[in-house]
Trainee: 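What follows is a structure written as structure tokens; I'll ask about it next.
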Protein chains: 2
Amino acid sequence: MTESGRRERKKAATRQALADAALRLFLERGYDEVGVREIADAADVSVTTLFKHFPDGKVALVFDEEADREAELIAAVSERPARQTVPQALRRMMTEERSRRIHADPRFAGFLRMIDSTPALREYARRMWLRHEQALAEAIAADAGLPPDEPGCQALAHFALEAASLAHERKAPQDALDRIFDILDNGWSRTLPERS
Amino acid sequence: MTESGRRERKKAATRQALADAALRLFLERGYDEVGVREIADAADVSVTTLFKHFPDGKVALVFDEEADREAELIAAVSERPARQTVPQALRRMMTEERSRRIHADPRFAGFLRMIDSTPALREYARRMWLRHEQALAEAIAADAGLPPDEPGCQALAHFALEAASLAHERKAPQDALDRIFDILDNGWSRTLPERS
DNA sequence: TGAGAAAGTTGAACGGTTGCACTTTTTCAA
DNA sequence: TTGAAAAAGTGCAACCGTTCAACTTTCTCA
């Protein structure tokens, strides 16, 4: 177990060296200007090893430290205060989440700028974010007392997640987010079947 | 004009030969099992020529015959009958459009099945469909008497277009489409600023 | 006619990704 | 303890979509 500990430590160290080298090079020269061969060299491993550690490929190197925010999404729905609708809770959570992360780490701004200016990264970030759609839909359904695969719940989950990207691309993101969630809130609340 | 006609005819013929060869091979063996070098060979041109005709790459070969449906979207909004809301008009248009195309061409089913089962093609189809978002948003804004970049209009356009994909992936697509558009309709109508 | 645009060709490259063969590490039963 | 054999890690070479550079052919039109 001590020796297998060493093995796992080495594995983690290699992974970290790859992610660190990649992020440094990406921020220095831009995502598209750095090749995987160069990253592997900088971490002193082979290209094959790089892909063993990051099977999702080059894009995944960027998001290695991204925390999993699925739990926060679910909690925002199921532990929301009384009198707050589901869309209201999600809007609030997304607003707070954004400002919190921006204030937390100063380097985070440059990181976000790189993602915004690289189509491949925007696409991958969107896909990662939308992975939570199913879980969110189920949380919404459970909360509303509807079957877990009710189409409206999935639609609301999908639209709420996309609202973030949609608003982000605008000049006045906060206003846009409010406006979009107003639509969702009215639509959701008025079409919701009666609750117990 | 006759001579320039010949040139353009040849160009169109080459393009058609590429699209035909590609579609035939794709349907025979699957999109991922056919390489661009093979397609170019089958059409008796070089790979570079293939990319000259289809700058969007391999995926674009599949959608060569896809008609442009942007005009129909705009018309559905701006020429809708009185008393019909924008979301209602869009839902109706998408429903009719779907059944019309399925009944029109028997080979169409296999074509759709190939797209559904190939992630790269699903992604590209979605991107093509969403290209109409801006135009649709402007049509909605014009109809509602709002500024062309009003966030709610863009959101409605985006959500309405995505509703098609969202419903398509379900067991009961028609029911899902109705349910989703109910949400959008209620949300849109109830948050709409007063009209003249 | 002859300059020039447009289309095509070839061949090679590039960058991300994967397959295959090889070496090292770990396991575990004799 | 030892000695396969499984598991994990490694590197080279290849594959695939895509692009580049240099050149030829074909068509256009003043």
Side-chain angles (χ1 to χ4, degrees), chain A residues 1-19 21-23 25-26 28-64 114 118-125 127, chain B residues 1-19 21-23 25-26 29-64 118-125 127:
Chain A
M1 200 48 158
T2 324
E3 290 180 352
S4 78
R6 165 155 64 215
R7 189 184 209 157
E8 282 173 22
R9 247 184 298 122
K10 281 192 176 178
K11 181 171 176 175
T14 301
R15 184 190 173 89
Q16 197 59 40
L18 281 165
L23 193 57
L25 291 169
F26 287 159
E28 274 175 22
R29 315 216 311 270
Y31 179 80
D32 289 324
E33 305 308 312
V34 183
V36 290
R37 287 161 177 89
E38 185 178 0
I39 297 170
D41 275 358
D44 205 42
V45 298
S46 75
V47 181
T48 309
T49 302
L50 184 153
F51 279 97
K52 278 258 160 64
H53 282 278
F54 296 90
D56 283 0
K58 188 184 174 188
V59 279
L61 284 160
V62 174
F63 296 98
D64 191 41
M114 177 178 74
T118 312
L121 295 182
R122 279 214 308 268
E123 194 55 38
Y124 189 72
R127 206 194 298 285
Chain B
M1 199 46 158
T2 326
E3 290 182 354
S4 82
R6 166 151 67 214
R7 187 181 201 151
E8 281 172 22
R9 249 183 296 122
K10 280 194 177 181
K11 179 172 177 175
T14 300
R15 186 191 173 90
Q16 197 59 41
L18 281 164
L23 194 56
L25 291 169
F26 287 159
R29 314 214 313 269
Y31 178 80
D32 289 324
E33 306 308 313
V34 183
V36 290
R37 289 164 176 86
E38 186 178 1
I39 297 170
D41 275 358
D44 205 42
V45 297
S46 75
V47 180
T48 309
T49 302
L50 185 155
F51 279 97
K52 280 253 163 68
H53 282 276
F54 295 91
D56 282 0
K58 189 184 171 188
V59 279
L61 284 161
V62 175
F63 296 98
D64 190 41
T118 310
L121 295 182
R122 280 214 306 269
E123 194 55 38
Y124 188 72
R127 205 194 297 286

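Being a predicted model, the structure only gives us computed values, none of them experimental. Hydrogens, waters and symmetry mates are skipped; everything else that's a heavy atom, side chains included, is used. Every chain is numbered from 1 and lettered A, B, ... according to where its sequence line falls, protein lines coming before strand lines.
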Trainee: In whole angstroms, how far is the C1' atom of D/dT19 from the CG atom of B/Asp56?
Mentor: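 Result: 15 Å.
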Trainee: A/Thr48 or A/Lys58: which one's nearest nucleotide on DNA chain C is closer to the 5' end?
Mentor: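 Nearer the 5' end of the strand: A/Lys58.
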Trainee: Given D/dT10, is OP1 or OP2 found less than 4.0 Å from the side-chain N or O atoms of A/Thr49?
Mentor: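 It does, given that an N or O in the side chain of A/Thr49 lies less than 4.0 Å from OP1 or OP2 of D/dT10.
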Trainee: Nearest whole Å is fine: how far is C/dG16 P from A/Glu33 CD?
Mentor: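 To the nearest whole Å, that distance equals 10 Å.
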Trainee: Specify the separation, in whole Å, of atom CG of A/Leu50 and atom P of D/dC12.
Mentor: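 Rounded to the whole Å, the gap is 15 Å.
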Trainee: B/Thr14 near the nucleic acid: base, sugar-phosphate alone, or nothing, with a heavy-atom cut-off under 4.0 Å?
Mentor: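 It contacts sugar-phosphate atoms only.
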Trainee: Closer than 4.0 Å, any side-chain N/O of B/His53 to the OP1 or OP2 of C/dG8?
Mentor: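 It does, given that an N or O in the side chain of B/His53 lies less than 4.0 Å from OP1 or OP2 of C/dG8.
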Trainee: Would you kindly give the CG-to-P distance between A/Leu25 and C/dG15, to the nearest whole Å?
Mentor: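 So the CG-P distance, A/Leu25 to C/dG15, works out to 14 Å.
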Trainee: Could you go through B/Lys11 and B/His53, starting from their C-alpha distance and side-chain angles, then the distance that decides it, and tell me whether this counts as side chain to side chain contact (heavy atoms under 4.5 Å, CB included)?
Mentor: CA-CA 9 Å; B/Lys11 179 172 177 175; B/His53 282 276; 3.6 Å; yes
Trainee: Specify the closest pair of heavy atoms between B/Leu50 and B/Ala40, including all atoms of both residues, with the distance to one decimal.
Mentor: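 For B/Leu50 versus B/Ala40, the nearest heavy atoms are CD1-N, 4.0 Å.
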Trainee: For B/Phe54, check ring pair (Phe, Tyr, Trp, His ring centres under 6.0 Å) against everything at least two apart and list the hits.
Mentor: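 None.
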Trainee: Could you tell me whether the phosphate oxygens of D/dC27, OP1 or OP2, come under 4.0 Å of any side-chain nitrogen or oxygen in B/Lys10?
Mentor: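 Answer yes for this pair, as a side-chain N or O of B/Lys10 is under 4.0 Å from OP1 or OP2.
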Trainee: What integer distance in Å separates A/Lys11:NZ from D/dG9:C1'?
Mentor: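 For the pair A/Lys11 NZ and D/dG9 C1', the rounded distance is 9 Å.
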Trainee: Return yes if some donor-acceptor pair links the side-chain N/O of A/Tyr31 with the main-chain N/O of A/Pro119 below 3.5 Å, else return no.
Mentor: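 No.
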Trainee: Are OP1 or OP2 of D/dG9 and a side-chain N or O of A/Lys52 less than 4.0 angstrom apart?
Mentor: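 So the side-chain polar atoms of A/Lys52 never come under 4.0 Å of the phosphate oxygens OP1 or OP2 of D/dG9.
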Trainee: Round to the nearest Å and state the distance from B/Phe51 atom CZ to C/dA7 atom C1'.
Mentor: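 Result: 17 Å.
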Trainee: Report yes or no: is the cationic atom of B/Lys58 (NZ for Lys, CZ for Arg) under 6.0 Å from the centre of the six-membered ring of B/Phe26, at an angle within 45° of the ring normal?
Mentor: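 Judged by the rule, B/Lys58 and B/Phe26 form no cation-pi pair.
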Trainee: Rounding to an integer number of Å, can you tell me how far A/Asp32 CG sits from D/dT18 P?
Mentor: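 About 15 Å, once rounded to whole Å.
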Trainee: Applying side chain to side chain contact (heavy atoms under 4.5 Å, CB included) to B/Leu121 and B/Val59, what does each step give before you reach the verdict?
Mentor: CA-CA 6 Å; B/Leu121 295 182; B/Val59 279; 3.8 Å; yes
Trainee: Can you pull out the residues from residues 34-47 of chain A that lie within a 4.0 Å heavy-atom distance of DNA chain D?
Mentor: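 Contacts with DNA chain D under 4.0 Å: A/Arg37, A/Val45, A/Ser46.
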Trainee: What is the separation between atom CD on B/Gln16 and atom P on C/dA7, rounded to the nearest whole Å?
Mentor: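 Interatomic distance, CD of B/Gln16 to P of C/dA7: 17 Å.
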Trainee: Sequence neighbours left out, what passes ring pair (Phe, Tyr, Trp, His ring centres under 6.0 Å) with B/Tyr124? Give chain and number order.
Mentor: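 For B/Tyr124, the residues satisfying ring pair (Phe, Tyr, Trp, His ring centres under 6.0 Å) (neighbours in sequence not counted) are B/Phe63.
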